[in-house]
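Whatever order the structure lists them in is the order used to number ligands and atoms, beginning at 1. Values below: all heavy atoms of this structure, side chains included; hydrogens, waters and symmetry mates excluded.
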Amino acid sequence: MTMLQMNHSQTSPALLNVDNLRVCYGKVEAISNISIQVAPGSIVSVIGPNGAGKSTLLNAIIGMLPSRGEIHYDGLTINDLEVEERVQAGIALVPETRELFADMSVQDNLLLGSFRRYRARDKQYLDQLDWVYQLFPRLKERHLQAAGTMSGGERQMLAIGRALMGKPRLLMLDEPSLGLAPLIVKEIFQIISGLRETGVATLLIEQNARAALQVSDYGYVIETGSLVLEGQAGALACDPKVIETYLGIGKSRKADVVVPLPVA
Ligand SMILES: Nc1ncnc2c1ncn2[C@@H]1O[C@H](COP(=O)(O)OP(=O)(O)OP(=O)(O)O)[C@@H](O)[C@H]1O
Ligand SMILES: [Mg+2]
């Protein structure tokens, strides 16, 4: 494995520390000894081609798939926790499929994201709803609209908003730009970038490497279940292999097309 730069999160203890993760589907190994870290409040991207194991990685971290190796979150080893307990600890996953309730309103979909608080009569869910509406004014405008009639970009905002209703400290997004028009992709990435200021850390899975690296602090490249490259996002974006394979431009072109945003 080529390491462009290591120790990215050793200055502050990692919020998420995945150590030598292995995931198998039957006898087939989908993830082989992957180690990744996410520092508190940072944005970390995992990029890689179809079938590389990106969704498998997120599903194992949230506990939907059995795995070997160690997953540490906020100083705790969470390997033996159920999905619900990991969510309660502050990890949220927006899956590739979004999983919204099409017939329910935008607001009801959001409220489902804080169902535990709602059930416990903890009025904090109302503050959380206000916060999500501040982040996504369009969801507020359309709070009575059925989720299934929202546009693709709005549905993605709703899926992210619902995940944020649970007050996570680690938000995991599986291909948020999938199937969206470029202008909406830009808007979604601006929102993701803005989340950094709220203290939420984001682990971002993307095939849109250019947009992902632009908003990220750090990045990992995985291919066929293994880490092949990692580094500061700006350095990764200038790596010839990344440029050729993931940024879709020839080696002869200058690498400075990707300008990382300043870290807050
Ligand atoms: N339930 C499953 N049973 C068996 N194999 C699976 C299962 N889910 C995924 N796989 C296989 O594991 C590998 C990794 O799949 P995964 O969905 O994690 O890839 P990905 O990087 O998310 O791809 P994409 O970019 O297409 O979403 C693939 O070879 C896939 O066929
Ligand atoms: Mg996937």
Please list all pairs meeting side chain to side chain donor-acceptor pair (under 3.5 Å) that have one or both residues in residues 45-56, counting only residues at least two apart or in different chains.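 Checked against side chain to side chain donor-acceptor pair (under 3.5 Å) - neighbours excluded - the pairs reaching residues 45-56 are Tyr25-Thr56, Ser45-Ser216, Ser55-Glu96, Ser55-Asp174.
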Tally of protein N, O or S atoms, where distance to the Mg ion (ligand 2) is under 2.8 Å: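 Protein heteroatoms (N, O, S) closer than 2.8 Å to the Mg ion (ligand 2) number 2.
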To check you understand the geometry: which heavy-atom pair defines the closest contact between Ile61 and Arg86, and what is its length?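 Nearest heavy atoms, Ile61 then Arg86: O-NH1, 3.0 Å.
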Tell me, do Ile222 and Val228 make a side-chain contact under 4.5 Å, heavy atoms counted?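 Ile222 does not reach Val228 side chain to side chain.
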Val94 and Met172: CA distance, side-chain angles, deciding distance, side chain to side chain contact (heavy atoms under 4.5 Å, CB included) verdict: CA-CA 6 Å; Val94 178; Met172 301 195 295; over 6 Å; no
Would Lys241 and Glu223 count as a salt bridge (Lys or Arg N to Asp or Glu O under 4.0 Å) if you check the C-alpha gap in whole Å, the side-chain angles of each, and the deciding distance to 0.1 Å? CA-CA 12 Å; Lys241 178 180 159 51; Glu223 289 174 3; 3.1 Å; yes
The criterion is salt bridge (charged side-chain N to carboxylate O under 4.0 Å, His left out); which residues satisfy it with Lys186, sequence neighbours excluded?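 With neighbours one apart ignored, the set is empty.
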Rounded at 0.5 Å granularity, tell me how far OG in Ser177 sits from CD in Glu206.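 Answer for the OG-CD pair, Ser177 versus Glu206, is 3.5 Å.
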Do Ser193 and Gln190 have a side chain donor and acceptor closer than 3.5 Å?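 No - no donor-acceptor pair under 3.5 Å links their side chains.
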Looking only at the side chains, is there a donor atom on one of His72 and Glu70 sitting less than 3.5 Å from an acceptor on the other?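 There is such a pair between these side chains.
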Sorted by chain and number, the residues that approach ligand 1 to under 4.0 Å with a heavy atom: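 Residues near ligand 1: Tyr25, Ala30, Pro49, Asn50, Gly51, Ala52, Gly53, Lys54, Ser55, Thr56, Glu96, Glu175, Gln207.
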